[in-house]
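Take a look at the structure set out below.
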Amino acid sequence: SKVVITYGTFDLFHIGHVRLLKRLKSLGDKLIVGVSSDEFNEVKGKCSYYSYNERVEILKSCVYVDEVIEEASWDQKVKDIKKYNVAIFAIGDDWNGEFDYLSDYCQVKYLKRTKDISTTQIKRQLSSV
Ligand code: C2G
């Protein structure tokens, strides 16, 4: 089977996440998602509305996601790629180029982000209602 992996916070699960996961799944036949822990979110300078456990539960409910693992640090990707026999690492193109070093271990793809939606934008618009 062709394993695809991606990582992210996936807070306030929205259409941009859904469309990305749908495209990621279409690249192979098994999609693994590394969900950023609350502690790693702090490292990334992000504060999630939903806790790690809630974000995991939401992703597990997504039809495109086959397995969910924890993302606890920047440097677990190579280990994960080997452990899960990953063929493709893919992520939104806001990360363009950042993970090219993984091409020694698997294919690396950057997929177009969905326009006009982001967790930050949702929070901003809701706070102004
Ligand atoms: N995304 C998207 N379109 C949007 C918003 C997000 O395609 N409108 C994608 C992002 O490009 C990313 C994924 O959805 O691939 C998850 O987004 P975030 O939770 O913001 O991910 P991020 O915090 O960038 O975490 O080690 C990698 C990091 O953990 C990535």
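These values consider heavy atoms only, across backbone and side chains, with no hydrogens, waters or symmetry-generated copies. As the structure lists them, so they are numbered: ligands from 1, and atoms in each ligand from 1.
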Worksheet entry | Side-chain heavy-atom pair Y7, I32 within 4.5 angstrom cut-off |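 No, their side chains stay 4.5 Å or more apart.
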Worksheet item: Is there side-chain contact between L24 and Y64, with heavy atoms separated by less than 4.5 Å?
Response: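 No, side chains not in contact.
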Quick one: do [X] and [Y] make a salt bridge, cutoff under 4.0 Å?
X	Y	answer
R113	D94	yes
K77	E71	yes
D38	R55	yes

Worksheet, complete the sentence: Residues S48 and N41: closest non-hydrogen pair is OG-ND2, 2.7 Å
Considering non-hydrogen atoms of the protein only, which is the closest contact for [atom], and what is the distance?
atom	value
atom 24 (O) of ligand 1	W95 NE1, 2.8 Å
atom 18 (P) of ligand 1	K46 NZ, 3.6 Å
atom 11 (O) of ligand 1	D94 OD1, 2.7 Å
atom 19 (O) of ligand 1	F10 N, 2.8 Å
atom 6 (C) of ligand 1	R113 NH1, 3.6 Å
atom 15 (O) of ligand 1	G92 N, 3.0 Å
atom 27 (C) of ligand 1	E71 OE2, 3.6 Å
atom 25 (O) of ligand 1	K44 NZ, 2.9 Å

List ligand 1 atoms under 4.0 Å from [X], heavy atoms only on the residue side.
X	value
G8	19 (O), 21 (O), 25 (O), 29 (O), 30 (C)
W74	26 (O)
H14	5 (C)
I117	4 (C), 8 (N)

I'd like to know if the side chain of [X] reaches the main chain of [Y], judged simply by a donor and an acceptor atom lying under 3.5 Å from each other, with no hydrogens or angles considered.
X	Y	answer
T9	S36	no
D93	Y110	no
E39	A72	no
T6	V33	no

Fill in: Contact with ligand 1 for S36, non-hydrogen, under 4.0 angstrom
yes
Using a plain distance cutoff, I'd like to know if [X] has any nitrogen or oxygen under 3.5 Å from a nitrogen or oxygen of ligand 1.
X	value
L20	no
I91	no
T114	yes

Discussion item. Angle between ring planes, Y101 versus F99, binned at 30° and 60°: parallel, tilted or perpendicular?
Written reply: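 Because their plane-to-plane angle lies in the 30° to 60° range, the rings of Y101 and F99 count as tilted.
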Fill in: Passing option when T119 is tested against R124, H17, K46 for side-chain contact (heavy atoms from CB on, under 4.5 Å)
H17
Proximity to ligand 1 by part of [X], non-hydrogen separation under 4.0 Å:
X	result
T9	both
K77	side chain
K115	neither

